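Everything numeric here is computed off the predicted structure, so don't read it as measured data.
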Amino acid sequence: MPFRLHPRHAVLLCLLVLGITGCASTGGTGAGGQPGGHRASNRIDAAELAPLAELDVHQVISRVRPGWLRGGPQGQLPVIVLDGSPQTSGPEMLGTFRAADVTALEYMSASDATTRFGTGYSGGAILVTTKH
């Protein structure tokens, strides 16, 4: 005997499937061009920097992504990588750059930074891309 679904149950099943599909959807793009209106937690782009142009880069990060400056689990600070070149000074050097001169900032975890640049990145890295 073949399985038959009662019409009321079929409607309920369709509604359930639509509900689950709707919950899984992000609703398109929103703020910062990120899906669902969320900004990427590991990137600050030009659109997010524009209203903060009068600040220095350290102030920008302190306001919008303060976790980047906290460092690793043992308190190691992130290495600053300026236009692809790792810097020997710490995050305080970010105070010497104006946000208006930067196109993007990106945070890399310790494992990602070590994979990309080698050892010495146990606090992660902050990549600074300037307008040069």
Who passes side chain to side chain contact (heavy atoms under 4.5 Å, CB included) against Ala113, sequence neighbours left out?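 With neighbours one apart ignored, the set is Met108, Phe117, Tyr121, Ala125.
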
With rounding to the nearest 0.5 Å, note down the distance linking CD in Glu92 to CG in Leu69.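 Going from CD on Glu92 over to CG on Leu69, the span is 10.5 Å.
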
So which pairs with a foot in residues 104-129 pass salt bridge (charged side-chain N to carboxylate O under 4.0 Å, His left out), sequence neighbours left out?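 Salt bridge (charged side-chain N to carboxylate O under 4.0 Å, His left out) check on residues 104-129 returns Arg43-Glu106.
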
State plainly whether one hydrophobic cluster holds both [X] and [Y], where clusters connect Ile, Leu, Val, Met, Phe, Trp and Tyr through side-chain heavy atoms under 4.5 angstrom apart.
X: Leu77; Y: Ile61; value: no
X: Val81; Y: Leu94; value: no
X: Leu82; Y: Tyr107; value: yes

I'd like to know if the side chain of Thr103 and the backbone of Thr129 have a donor-acceptor N/O pair within less than 3.5 Å.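 Present.
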
Derivation and outcome, side chain to side chain contact (heavy atoms under 4.5 Å, CB included), residues Ile44 and Trp68: CA-CA 11 Å; Ile44 302 172; Trp68 291 11; 3.7 Å; yes

Taking all non-hydrogen atoms of both residues, which atom of [X] and which atom of [Y] are closest, and how far apart?
X: Arg65; Y: Ala40; value: NH2-O, 2.8 Å
X: Gly84; Y: Pro86; value: O-CD, 3.6 Å
X: Pro51; Y: Ala47; value: CD-O, 3.4 Å

side-chain hydrogen bond (donor to acceptor under 3.5 Å, both in side chains) contacts touching residues 78-91 (sequence neighbours left out):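 For residues 78-91: Asp83-Thr130.
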
So, applying side-chain contact (heavy atoms from CB on, under 4.5 Å) with Val57, which one of Asp101, Leu52, Val102, Leu49 is it?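 That would be Val102.
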
